[in-house]
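Throughout, a chain's letter reflects where its sequence line sits, starting with A, and its residues are numbered from 1. The shown structure was predicted, so the numbers you read here are calculated from the model rather than taken from an experiment.
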There are 2 protein chains.
Amino acid sequence: MKKERHTHIFALLERIGRLLTMEAHAEGLLPVHWEALRYLQRANRFSMTAAALTAYLGSTKGTVSQTLKALESKGLVKKRVKTNDRRSNHLSLTAKGRNLLRRDPLSDTVKAIEQLGTSTQTELNNGLEDLLSARLAMQNRQPFGQCRDCRYFAKRHPDGEPHYCLLLKETIAESETDSICFEQQPG
Amino acid sequence: MKKERHTHIFALLERIGRLLTMEAHAEGLLPVHWEALRYLQRANRFSMTAAALTAYLGSTKGTVSQTLKALESKGLVKKRVKTNDRRSNHLSLTAKGRNLLRRDPLSDTVKAIEQLGTSTQTELNNGLEDLLSARLAMQNRQPFGQCRDCRYFAKRHPDGEPHYCLLLKETIAESETDSICFEQQPG
DNA sequence: TCCTTTAGTATCGAGTCGAAACTAGTATTA
DNA sequence: TAATACTAGTTTCGACTCGATACTAAAGGA
């Protein structure tokens with residue numbers, strides 16, 4: 001940890017990422033399949049499309065199309081043509097897909113995170129957020145942050161009335177405010 | 001960041017890892033090729049073998065054998081049969097390999113790390129180290145830490161005499177103390 | 001209406017990946 | 001010493017990713 005500390009941090013990130021990938025060969029799925037399932041679990045209803053997933057993964061639409069085809073054929077994901085734009089599909093997890101996510105091979109890593117001290121968690125959280133947003137900004141990629149941290153999010157009174165998205169001009173349920181969105185802009 | 005903070009931290013790690021992988025398609029190499037080159041740059045002389053690389057990556061020997069064959073055919077890595085154990089190869093980067101590492105597509109991420117504040121760097125460093133060592137311990141994997149942090153490392157006086165590895169019973173040059181080792185045990 | 005853009009699919013070739021069978025040195029033990 | 005077990009690495013196989021490219025089809029402008 002003497003000189004070149006940034007290189008050391010990079011190596012840690014790289015190795016953790018590699019180990020996560022290698023562990024994610026499970027239940028007959030490949031790493032990218034699990035990532036797609038997890039994405040769909042975390043995305044809000046506007047972001048459950050192949051295009052949004054492509055941007056999230058930093059992949060290409062051809063590859064993502066293949067991935068989704070595999071997941072659909074296994075009965076884990078369902079496509080439904082959108083009524084307002086018939087080019088586009090709304091993706092959703094099936095009950096089987098949600099069920100399978102309970103056996104996510106990477107949940108051991110989540111447990112390892114839980115076992116860190118509270119202050120370590122906070123520091124790690126903030127460090128990773130800073131790094132990710134810096135890196136994403138360098139490439140003009142979307143952050144995929146949560147609704148509630150978005151500049152377009154209009155919070156309503158706690159009683160009754162739902163929240164609202166000023167960009168997409170749609171109401172947002174309380175339960176959706178933690179979901180991630182491809183249009184999110186922190187602010 | 002309300003509840004389920006560990007899940008959020010996990011998602012950050014996963015996405016950073018994915019983006020690193022996707023960026024590492026460059027110079028005609030695949031992500032795992034760059035990882036192997038970086039490993040060879042950081043490994044000490046005892047750890048420059050296919051078996052050590054396999055353990056580091058959490059991969060299998062067949063896959064790593066393929067990877068090394070590809071790198072050798074591109075003239076980036078050289079294999080030399082070890083004289084003491086003729087089953088085993090000593091791997092080394094060629095001049096061309098070292099040269100190519102200067103065009104590592106992931107060096108932009110290292111730059112992004114450099115741009116973080118000093119205290120953020122420290123916190124990120126410590127958080128990632130804690131997490132990685134916890135996770136590795138759960139699976140009985142080798143940490144691949146640095147010589148200088150190893151329980152078998154006997155530090156010599158700063159003048160003259162070289163350092164020494166109590167496990168492998170070999171001298172360690174000052175320049176090697178930052179390198180990573182497949183036998184390293186923190187202590 | 002023509003033209004462009006956008007969402008997604010289909011197909012190709014190179015190469016990963018895990019699994020399993022294999023070769024060939026080395027170490028153990030009878 | 002000879003049989004046996006173990007270890008380092010290679011080879012081959014099939015499934016699948018991945019980027020690239022060409023494609024279909026719907027939406028949106030001019």
Side-chain angles (χ1 to χ4, degrees), chain A residues 17-37 46-74 76-91 105 142 182-183, chain B residues 17-37 46-74 76-91 105 142 182-183:
Chain A
R18 163 64 52 175
L19 295 177
L20 290 179
T21 300
M22 289 315 207
E23 273 176 79
H25 290 264
E27 306 280 345
L29 297 191
L30 291 165
V32 73
H33 295 155
W34 288 104
E35 293 204 51
L37 293 179
F46 314 117
S47 307
M48 304 179 82
T49 65
L53 178 57
T54 300
Y56 181 82
L57 296 174
S59 185
T60 58
K61 55 187 183 173
T63 299
V64 170
S65 177
Q66 294 283 92
T67 299
L68 290 170
K69 195 168 79 173
L71 291 173
E72 199 181 15
S73 78
K74 286 174 201 288
L76 302 171
V77 165
K78 225 181 120 209
K79 283 180 211 172
R80 199 182 67 232
V81 173
K82 285 192 181 177
T83 46
N84 53 335
D85 183 343
R86 303 211 328 279
R87 287 171 304 182
S88 187
N89 292 318
H90 178 86
L91 307 172
Q142 289 123 292
F182 78 114
E183 291 284 17
Chain B
R18 163 63 52 174
L19 295 177
L20 291 179
T21 300
M22 288 315 206
E23 272 176 80
H25 291 265
E27 306 279 346
L29 297 191
L30 292 164
V32 73
H33 294 156
W34 288 105
E35 293 203 51
L37 294 179
F46 313 118
S47 307
M48 302 179 84
T49 65
L53 178 57
T54 300
Y56 181 82
L57 295 175
S59 185
T60 59
K61 55 187 183 172
T63 299
V64 169
S65 177
Q66 294 281 89
T67 299
L68 290 171
K69 195 168 77 172
L71 291 173
E72 199 181 15
S73 78
K74 287 174 201 288
L76 303 170
V77 165
K78 225 180 122 211
K79 283 180 212 173
R80 199 181 67 232
V81 174
K82 284 192 182 179
T83 46
N84 53 336
D85 184 343
R86 302 210 330 277
R87 289 171 302 181
S88 188
N89 291 318
H90 177 85
L91 307 172
Q142 289 123 292
F182 77 114
E183 292 283 18

When you check the phosphate oxygens OP1 and OP2 of D:dC16, does a side-chain N or O of A:His33 lie under 4.0 Å from one of them? no
So, is A:Ser88 near the phosphate of C:dA7, with a side-chain N or O under 4.0 Å from OP1 or OP2? no
Please examine the side chains of B:Glu27 and B:Trp34, heavy atoms only from C-beta on, and report whether any two atoms are closer than 4.5 Å. yes
What is the distance, to the nearest angstrom, from the [atom1] atom on [X] to the [atom2] atom on [N]?
| X | N | atom1 | atom2 | result |
| --- | --- | --- | --- | --- |
| B:Lys69 | C:dA14 | NZ | P | 15 Å |
| A:Leu30 | C:dA19 | CG | P | 12 Å |
| A:Met48 | C:dA7 | CE | C1' | 17 Å |
| A:Leu53 | D:dC18 | CG | P | 11 Å |
| B:Trp34 | C:dG15 | CH2 | P | 15 Å |
| A:Leu29 | D:dA15 | CG | P | 16 Å |
| A:His90 | C:dA7 | NE2 | C1' | 15 Å |
| A:Phe182 | C:dA7 | CZ | C1' | 12 Å |

Sugar-phosphate, base or nothing in reach of A:Lys79, heavy atoms under 4.0 Å: sugar-phosphate
Please step through side-chain contact (heavy atoms from CB on, under 4.5 Å) for the pair B:Phe182 and B:Tyr56, ending with a clear verdict. CA-CA 8 Å; B:Phe182 77 114; B:Tyr56 181 82; over 6 Å; no
Where the side chain of B:His25 meets the backbone of B:Met22, is there a donor-acceptor pair that is under 3.5 Å apart? no
Indicate for each nucleotide in nucleotides 19-30 of chain D, in 5' to 3' sequence, whether protein heavy atoms under 4.0 Å reach the base (B), only the sugar-phosphate (S), or nothing (-). B-----BBS---
Check the pair A:Leu29 / A:Lys74 against side-chain contact (heavy atoms from CB on, under 4.5 Å), numbers first and verdict last. CA-CA 10 Å; A:Leu29 297 191; A:Lys74 286 174 201 288; 3.5 Å; yes
Determine all donor-acceptor pairs shorter than 3.5 Å in which one atom belongs to a side chain in residues 59-67 of chain A; sequence neighbours excluded.
residue : atom : partner : partner atom : Å
A:Thr60 : OG1  : A:Thr63 : OG1          : 3.1
A:Thr67 : OG1  : A:Thr63 : O            : 3.1

Chi angles and distances behind the side-chain contact (heavy atoms from CB on, under 4.5 Å) call for B:Glu72, B:Leu91: CA-CA 10 Å; B:Glu72 199 181 15; B:Leu91 307 172; over 6 Å; no
By nearest atom, which of the nucleotides D:dT17, C:dC17, D:dG9 is closest to the B:Thr49 side chain? D:dG9
A:Lys78 NZ: over 12 foreign heavy atoms closer than 6.0 Å: no
